[in-house]
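What follows is a single structure, written as structure tokens, with notes after it.
Chain naming here is simple, since letters A, B, ... match the order of the sequence lines and numbering starts at 1 in each. These numbers come from the heavy atoms of this one structure, side chains and all, not from hydrogens, waters or symmetry mates.
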2 protein chains.
Amino acid sequence: MRTYGQYCSLAKALDLLGDRWTLLIVRELLLQGPCRYTDLRRGLPGIATNLLADRLRELEAAGVVAREEAGPPIATTLFGLTPRGEELKDALYALGLWGIPLMAEGPAPDDAFRNLWTTMPGDLFLRDRTPDRPPITIEVRAGEDPMLIETVDGEVRLRRGSAEDPDAVLSGSPDMILAVITGGLDLAEAEARGLCLEGSRSSVSRVLPERAAPASGAASG
Amino acid sequence: MRTYGQYCSLAKALDLLGDRWTLLIVRELLLQGPCRYTDLRRGLPGIATNLLADRLRELEAAGVVAREEAGPPIATTLFGLTPRGEELKDALYALGLWGIPLMAEGPAPDDAFRNLWTTMPGDLFLRDRTPDRPPITIEVRAGEDPMLIETVDGEVRLRRGSAEDPDAVLSGSPDMILAVITGGLDLAEAEARGLCLEGSRSSVSRVLPERAAPASGAASG
DNA sequence: CCGCATCCGGGGCGATACTG
DNA sequence: CAGTATCGCCCCGGATGCGG
């Protein structure tokens, strides 16, 4: 194994996680939960199959990933994070938070996008500002699979799926959705720029952050 | 620039920071403050000179690093973090915290060690548990350059240097020092295993964490 | 001495094809 | 579905050179 050869905890962490694609694999497992090899491929557009297999082996050896043979009716191998792997959440979210301003200029021409990836900014920025009121559900449509924002016990939960009768439906381009979630763009202004809001506007603004949060702002141009 | 091609803040962050050595360069600048090319080389044993120059250019282009031409009497170029670069501290410390358990088994045979690297674990684990008492100074000697632990205004500060009349001097092998700092090893037991403590023991235990903190423990074997 | 640029060998990486 | 096999390419590591 290639190592930095430094007795430093950051260097040791990067010895295990610093290779290409490794942290993105952890991201997928963190956001999706245990999933199949094929699901990982779908969530990691562009990764070579041998690399994915290699990384999964390395992560397994490092105690970050565990594979379990799911019995019938699934009958396939599932890859999931170990508790030790779950402990990477803080580090991944810290890096993801640092990266938020980099999204301000919108996706590059060939950028892939999955709605699931908005989970991280959502977890970082959305809060239930009126937890005493009845719970709400908001459906978000930016990529292919819709996402749900739910308020439960004063907390905001994000997960895949769609609701039968959501309080609001938010649909628009990925960068627009993201700018609204991170507080870089006012809701009203986002609508003027093409964001589509159906249903209760107050439900949406209930979970949105107050003002622009990251230093560089988001989608200000 | 090689990119993951994903419209995700973590992927965008790794586009800039994911290359080999990049985050370790940021570590050095974070721990050392602005420093010269040669100082960086010294703090990054094993890096190739062209790689260091490349990375510094990339980081400069990304707005993470700024170079300043220091006038006389220094007359050299200094590399330092921009405010945007300083914002990486949380992410680096989160990764470093995750890596603490990896240090438990001690350094690998060829591992380099710099006392400065203990700054990160120190910042993460040391606290002034009796901030109302008079400030103290502890000198730590594990690598070549000694470090100082100081209590100032209820906070613990770490920096390079040595004191004229410290309240205590801690010297020993890197893994022993680290195990004590991270709370993986009791102070008394560390002394039995070769750690040398001169001066006030209570000064040392005043800043040490209460119990073993990381899950896997440290230097338990 | 400081801050690189250049050259070169090896291997990690990317893309595709293929298989139990 | 879950990988393995193969093949370029370019990143990386190590050495050397070189202008200021």
> Okay, side chain of A:Tyr4, backbone of A:Leu10: is any donor-acceptor separation there less than 3.5 Å?
Replying inline: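 Answer holds: no.
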> Judged by atom type as modelled, is there a donor-acceptor pair below 3.5 Å linking the side chain of B:Thr82 to the main-chain atoms of B:Val64?
Replying inline: yes
Can you check the [X] [atom1] to [N] [atom2] distance for me, whole Å?
X        : N      : atom1 : atom2 : value
A:Arg55  : C:dC13 : CZ    : C1'   : 8 Å
A:Glu58  : C:dC13 : CD    : C1'   : 12 Å
B:Ile47  : C:dC4  : CD1   : P     : 13 Å
B:Asp19  : D:dC11 : CG    : P     : 9 Å
B:Trp21  : C:dG12 : CH2   : C1'   : 16 Å
A:Arg20  : C:dA15 : CZ    : P     : 9 Å
A:Asp110 : C:dG14 : CG    : C1'   : 16 Å
A:Leu52  : C:dT16 : CG    : C1'   : 16 Å

>> Nearest to the B:Ala48 side chain among D:dC1, C:dG14, D:dG13, which nucleotide is it?
In response: D:dG13
>> Side chain of A:Thr77 only, heavy atoms from C-beta on: which candidate in C:dG3, C:dG14, D:dG3 is closest?
In response: D:dG3
> 5'-most contact on DNA chain C: A:Asn50 or A:Arg2, nearest heavy atom basis?
Replying inline: A:Arg2
Indicate whether OP1 or OP2 belonging to [N] is found under 4.0 Å from a side-chain N or O atom of [X].
X       : N     : result
A:Arg67 : D:dG3 : yes
B:Thr38 : C:dC2 : yes
B:Arg42 : C:dC1 : no

> Nearest 0.5 Å, what's the CG-CE distance between A:Leu97 and A:Met120?
Replying inline: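 Going from the CG atom of A:Leu97 to the CE atom of A:Met120 covers 10.0 Å.
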With sugar-phosphate meaning primed atoms plus P, OP1 and OP2, does [X] contact a base, only sugar-phosphate, or nothing at under 4.0 Å between heavy atoms?
X       : answer
A:Thr49 : base
B:Ala53 : sugar-phosphate
A:Arg41 : nothing

> Do we get A:Arg42 above A:Tyr37's six-membered ring, with its NZ or CZ under 6.0 Å from the centre and within 45° of the axis?
Replying inline: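 Verdict for A:Tyr37: no cation-pi partner in A:Arg42.
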> Is the shortest side-chain N to carboxylate O distance from A:Arg2 to A:Asp19 below 4.0 Å?
Replying inline: yes
